[in-house]
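In what follows, a structure is listed as structure tokens, so that the remarks can point back to it.
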Amino acid sequence: MRPDQPLTRSSLDPATLLEVPASAQAAEALQRRWAGQVLASDDLGPVTTVAGVDVAYHESSGELVAAAVLLDAPSLTVLEEVTLRDHARFPYVPGLFSFRECPPVARAVQGLSRRPDLIVCDGHGVAHPRRFGLACHLGLALNIPTIGCGKTRLTGEDTVPGLPRGEWTPLLDGPEVLGAALRTQSGVRPVYVSVGHRVSLPTALAWVLRLSPRYRLPETTRAADRLVRRALAEVSHA
DNA sequence: GCGACAG
DNA sequence: ATCTTGTCGC
């Protein structure tokens with residue numbers, strides 16, 4: 001017996017994770033089921049490339065624009081960019097965010113010529129009401145280590161971390177640690193970091209800090225945001 | 001009933 | 001998310 005290996009792991013079909021639920025109730029049931037598959041410990045090799053992902057909504061056409069950017073890990077240089085257009089299959093509902101973003105974002109990542117060693121998501125991981133935010137969903141769908149990095153809190157209680165860069169406080173739901181409020185720039189509002197998949201919280205904190213040497217948000221998030229904005233503007237002009 | 005509510 | 005003015009702190 002190998003009690004350290006979940007027996008249900010082989011039953012997880014990546015395509016199933018990108019299906020569109022028929023209702024919010026069905027979506028929540030899927031989240032509760034999938035949350036048990038999230039690996040909150042380090043299962044990643046040498047990180048040479050880090051990807052950032054983002055989505056924007058084009059209101060007049062009802063289309064989504066998804067972007068994936070691949071960065072070189074030590075230099076934070078942009079190596080590759082992918083954008084694509086897709087239709088929205090699910091409305092934006094707080095707590096069910098990933099059912100809207102995951103399908104196009106997963107395709108954008110698969111459009112890269114290399115699989116990233118790590119992905120930083122613009123949204124939470126396990127810092128979620130059912131412990132299954134976008135970062136968990138994407139990490140499981142692609143079986144790639146992911147980190148959740150949100151600009152604002154969705155759930156949990158946090159205290160204000162110290163002002164110097166690198167200070168952090170736990171994001172708590174009672175005794176349970178959901179993530180952390182991390183000060184990426186001295187005196188600037190913290191970001192919310194949580195485990196996505198196959199990454200521990202200390203590793204996630206270290207990476208988000210490393211990826212944010214100059215600005216509040218990680219360079220992965222900034223690069224993906226720039227790209228998706230540019231692509232959205234091109235859709236509007238057409 | 002009221003507030004809170006990733007993007 | 002997006003839009004936008006005024007205010008505060010360093």
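Residue numbering restarts at 1 for every chain, and letters A, B, ... go by the order of the sequence lines.
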- Task: Starting from P on C:dA1, measure out to CG on A:L232 and report it in whole angstrom.
- Result: 13 Å

- Note on the structure: Per-nucleotide protein contact along nucleotides 2-7 of chain B, 5' to 3', at a 4.0 Å heavy-atom cut-off (B base, S sugar-phosphate only, - neither), is ---SBB

- Task: Apply salt bridge (Lys or Arg N to Asp or Glu O under 4.0 Å) to A:R100 and list each qualifying residue two or more places apart in sequence or on a separate chain.
- Result: none

- Query: Are A:R198 and A:D42 close enough for a salt bridge, meaning some N to O gap below 4.0 Å?
  - Reply: no

- Message: Please report whether the ring centroid of A:H124 lies less than 6.0 Å from that of A:F97.
- Response: no

- Centre of A:F132's six-membered ring, under 6.0 Å away, within 45 degrees of the axis: is that where NZ or CZ of A:R32 sits? no

- Is the A:F90 ring parallel, tilted or perpendicular to the A:F99 ring (thresholds 30°, 60°)? tilted

